[in-house]
Amino acid sequence: MFAALGGLIAGFTALCVAELVAAAVRPEAGPVTAVGGAVIDRTPPAVKDFAVRNFGTDDKLVLQLGILVLLAVFAMAVGVLALRYRWTGAAAVLVFGVVGSVAAGGRPEGRPTDALPSAVGALVAAGVLYLLAGRLSPVTGPPPAAGETDDEETAGGEPADDEQGAFDRRGFVIAATAAAAASAGAGLLGRRLQASQLAGVSAARGDITLPAPASPAPAIPGGADLGIRGLSSFTTPNKDFYRVDTALVVPRVDADRWRLRIHGKGVSRPVTLSFQDLLGRELVERDITLTCVSNQVGGPYVGTARWIGVSLATLLAEAGVKPPSKGGPADQIVARSVDGMTIGTPVEEVMDGRDALLAVGMNGEPLPFDHGFPVRMVVPGLYGYVSACKWIQDIELTTFDAYDAYWVKRDWSREAPIKTQSRIDTPRPFAAPKPGTVPVAGVAWAQHRGISRVEVRVDGGEWHTARLAAEAGRDTWRQWVWEWPATTGHHTLEVRATDRTGATQTDKRVGTVPDGATGWHSVVVDVT
């Protein structure tokens with residue numbers, strides 16, 4: 001037991017020391033973050049989809065906890081090994097450093113210095129384990145003389161643990177306590193230093209005042225939000241807006257140091273822009289609904305916000321870019337994030353007249369850190385994995401044949417227009433409404449096409465046309481409601497939507513991979 005405890009303390013030391021060193025390097029270089037990022041990069045799409053579906057926005061927490069559990073098991077095993085093979089056990093700890101260092105340096109955004117936290121943490125932990133294992137070695141020395149008793153003899157006459165052949169229990173406890181306390185202090189200092197750095201960036205974000213848009217968003221029609229209890233509000237508050245990405249540590253980018261580079265195939269005038277350069281341009285404000293491709297039928301990963309930013313098409317045109325339909329040689333924009341993510345977006349769609357933005361604001365404030373501060377892409381009509389690069393820092397013009405972006409390498413489609421979908425928000429699954437008139441309400445979306453009709457049916461019967469809320473634009477979702485004359489019993493409600501091209505969503509159920517889920521959302525209720 002003590003050997004396993006020694007291993008755990010050594011593992012704790014490795015993490016805490018690495019945390020302190022990461023404060024001097026960057027938070028993303030911490031071993032748990034680095035290994036977690038490497039795991040995400042190598043996880044099959046089906047497993048990622050399972051994690052998002054079952055754990056939602058807690059998927060990253062679950063991954064980090066899993067890594068810590070595995071590390072604890074590994075540390076205990078190494079502690080037991082060190083009991084018999086002291087040097088071998090200490091050397092095994094260095095495996096932790098190698099794994100963390102390779103994971104940190106091997107990420108797309110990795111830097112040479114990212115290997116330092118894991119390496120230094122492992123070296124210190126190896127020394128701690130060697131020291132503790134020494135305290136667990138049997139005490140050698142002559143046995144007590146005849147008639148003598150050990151000072152540590154127990155009241156019952158049993159010999160104490162520090163007698164010949166036993167280990168130095170007192171020495172182990174003192175050494176273990178000192179190591180744990182020093183490690184905890186290092187870890188807390190590392191956290192305090194990182195928090196201080198992040199506080200400065202947060203304060204700088206709070207000082208930003210967004211200019212008034214040159215092209216303000218049209219007023220939301222009075223009837224766009226039906227105000228029905230249980231129905232999603234038309235505009236999604238920032239705190240409730242979904243977040244699906246691979247960043248275990250949310251990047252905290254200093255807007256004063258941020259730069260965006262536009263270059264590549266067909267760019268005759270490469271551009272480098274600062275954050276102030278963007279704020280000094282004509283800003284565009286629009287209400288746009290975003291949807292994640294990981295959204296299951298009836299899922300929560302969709303929301304509407306009022307975005308403000310610079311027209312991406314205008315920036316590209318100023319750099320000399322032409323869409324393929326006008327002879328441009330590039331058909332793909334590869335957007336790169338500060339965390340190494342790459343997003344591939346069709347040039348044609350960005351430059352076809354839709355409100356594709358380099359957004360700097362969300363719902364009246366600078367972008368939250370979780371949603372891409374200081375700058376992100378927003379392209380209506382395309383799933384986020386091919387359009388919504390957060391924390392963007394580089395735009396390269398290339399072709400789909402020449403380069404596969406992050407998700408395409410993992411078996412997702414390279415082009416992904418959002419599919420027509422609808423969702424029942426109320427009544428909730430397994431609700432028990434009373435007989436009589438029950439409002440069945442929800443949202444439907446087909447960004448950049450718009451919704452023309454929503455229908456509801458009960459128990460597989462005839463379809464009933466729902467009343468649509470006022471349309472705020474074809475790039476936003478649309479609320480709907482149908483007044484159901486509910487009767488006592490067990491019932492299944494289903495919904496389907498038709499977009500403005502005349503296409504009605506299919507009832508065929510498919511999963512999210514490779515280009516988004518399809519099927520009708522259904523809710524089971526008991527009217528009592």
Mind running side-chain hydrogen bond (donor to acceptor under 3.5 Å, both in side chains) on Trp391 and Ser337 for me, showing each step along the way?
CA-CA 5 Å; Trp391 314 294; Ser337 167; over 6 Å; no
Do Asp411 and Pro514 come within less than 4.5 Å of each other through their side chains, counting heavy atoms only?
no
Distance-only, no hydrogens or angles: does the Glu462 side chain make a donor-acceptor pair with backbone N or O of Arg457 under 3.5 Å?
no
Nearest 0.5 angstrom please: Arg26 CZ to Leu116 CG, how far?
12.0 Å
Between Arg252 and Ser202, does a side-chain hydrogen bond (donor to acceptor under 3.5 Å, both in side chains) hold up when you go through it step by step?
CA-CA 8 Å; Arg252 299 292 181 105; Ser202 297; 3.1 Å; yes
Does Arg261 CZ have over 12 foreign heavy atoms under 6.0 Å away?
no
Measuring only between side-chain heavy atoms, which start at C-beta, is Val408 closer than 4.5 Å to Ser413?
no
To the nearest 0.5 Å, what is the distance between CH2 on Trp445 and OG1 on Thr476?
12.5 Å
Nearest 0.5 Å, please: how far is OG in Ser215 from CZ in Arg286?
3.5 Å
CZ (Arg257) with more than 12 external heavy atoms under 6.0 Å:
no
What do the steps show when you test Trp307 against Leu367 for side-chain contact (heavy atoms from CB on, under 4.5 Å), and what is the final call?
CA-CA 9 Å; Trp307 307 92; Leu367 291 172; 3.9 Å; yes
Do Val267 and Leu316 come close enough that some side-chain heavy atom pair is under 4.5 Å?
no
So which heavy atom on Pro329 is nearest to which on Gly266, and how close?
CG-CA, 3.6 Å
Donor + acceptor pair across side chains of Arg423, Ser232 (<3.5 Å):
yes
Would you indicate whether the side-chain heavy atoms of Arg336 and Val334 approach each other to under 4.5 Å?
yes
Asp370 side chain vs Val250 backbone, donor-acceptor pair below 3.5 Å
no
Less than 4.5 Å apart, any side-chain heavy atom of Ser196 and any of Leu193?
no
Taking every heavy atom of Val35 against every heavy atom of Gly100, the minimum-distance pair comes out as CG2-CA, 4.1 Å
Worked check of ring pair (Phe, Tyr, Trp, His ring centres under 6.0 Å) between His491 and Trp484:
CA-CA 12 Å; His491 301 288; Trp484 173 35; 5.5 Å; yes
Under 3.5 Å, is there a donor-acceptor pair between the side chain of Thr33 and the main chain of Ala29?
no
Donor-acceptor pair, Thr236 side chain versus Gly303 backbone, under 3.5 Å?
no
Between Trp463 and Trp520, how do the two ring planes meet: parallel, tilted or perpendicular, split at 30° and 60°?
perpendicular
For the CG atom of Leu382 and the CE atom of Met377, what is their distance to the nearest 0.5 Å?
8.5 Å
Does a side-chain N-to-carboxylate-O contact under 4.0 Å join Lys60 and Asp58?
no
Main chain of Asp240, side chain of Arg243: is a donor-acceptor contact present, judged purely on distance under 3.5 Å?
no
Any side-chain donor paired with an acceptor under 3.5 Å for Gln447 and Thr291?
yes
Distance-only, no hydrogens or angles: does the Thr498 side chain make a donor-acceptor pair with backbone N or O of Ser452 under 3.5 Å?
no
Distance, nearest 0.5 Å, that separates OG1 of Thr289 from CD1 of Ile418
8.5 Å
Using side-chain contact (heavy atoms from CB on, under 4.5 Å), reason through Leu278 and Val375 one step at a time and then give a plain yes or no.
CA-CA 9 Å; Leu278 289 183; Val375 182; 3.8 Å; yes
Is there a side-chain contact between Arg428 and Thr426, using heavy atoms and a 4.5 Å cut-off?
no
Where the side chain of Asp277 meets the backbone of Ser274, is there a donor-acceptor pair that is under 3.5 Å apart?
yes
Mind jotting down which residue pairs meet the ring-ring contact (aromatic ring centres under 6.0 Å, His included) criterion with at least one end in residues 334-383? Sequence neighbours excluded, please.
Phe241-His371, Phe369-Phe373
Side-chain heavy atoms of Arg453 within contact of Thr465, under 4.5 Å:
yes
Is it the case that more than 12 heavy atoms not belonging to Arg191 sit under 6.0 Å from its CZ atom?
no
Determine, step by step, whether Lys419 and Asp515 satisfy the salt bridge (charged side-chain N to carboxylate O under 4.0 Å, His left out) criterion, reporting the C-alpha distance in whole Å, the side-chain angles of both residues, the deciding distance to 0.1 Å, and the verdict.
CA-CA 9 Å; Lys419 298 176 180 178; Asp515 59 359; 3.0 Å; yes
For Arg509, does the CZ atom have more than 12 heavy-atom neighbours from other residues, nucleotides or ligands under 6.0 Å away?
yes
Under 4.5 Å between any side-chain heavy atoms of Trp407 and Met341, yes or no?
yes
Check this for me: does any side-chain nitrogen of one of Arg306 and Glu365 sit under 4.0 Å from a carboxylate oxygen of the other?
no
Taking every non-hydrogen atom, the tightest pair across Asn295 and Ala517
O-CB, 3.8 Å
Determine whether a donor-acceptor pair (N or O, by modelled atom type, separation under 3.5 Å) exists between the side chain of Asp207 and the backbone of Ala204.
no
Ring-face cation of Arg414 near Tyr406 (centre distance under 6.0 Å, axis angle within 45°)
no
I would like to know whether Glu318 and Arg281 meet salt bridge (charged side-chain N to carboxylate O under 4.0 Å, His left out); could you show each step before the answer?
CA-CA 13 Å; Glu318 290 177 4; Arg281 298 179 65 92; 2.7 Å; yes
I need the single residue from His521, Gln421, Glu455 that forms a side chain to side chain donor-acceptor pair (under 3.5 Å) with Arg496. Which is it?
Glu455
Between Asp499 and Thr501, is there a side-chain donor-acceptor contact under 3.5 Å, judged purely by atom types and distance?
yes
Quick check: closest heavy atoms across Val293 and Trp412, and the distance to 0.1 Å?
CG1-CZ3, 3.5 Å
Heavy atoms of other groups near Glu282 CD, more than 12 under 6.0 Å
no
Please evaluate residues Val310 and Leu315 with respect to the criterion side-chain contact (heavy atoms from CB on, under 4.5 Å), reporting the C-alpha separation (whole Å), side-chain torsions for both, the decisive distance (0.1 Å), and the verdict.
CA-CA 8 Å; Val310 174; Leu315 284 177; 3.9 Å; yes
Output yes when a side-chain donor or acceptor of Gln332 lies under 3.5 Å from a complementary backbone atom of Tyr403, and no otherwise.
yes
Test: Arg354 and Glu349 ion pair at under 4.0 Å
no
Evaluate the criterion side-chain contact (heavy atoms from CB on, under 4.5 Å) for residue pair Val32 and Leu15; output intermediate values, then yes/no.
CA-CA 8 Å; Val32 174; Leu15 292 178; 3.8 Å; yes
Calculate, to the nearest 0.5 Å, the distance between atoms CG and CD1 belonging to Asp339 and Ile392 respectively.
11.5 Å
Tell me whether Arg467 forms a cation-pi arrangement with Trp480, defined as NZ or CZ under 6.0 Å from the six-membered ring centre and within 45 degrees of its axis.
no
Closest contact, heavy atoms only, Val495 versus Ser422
CG1-OG, 3.5 Å
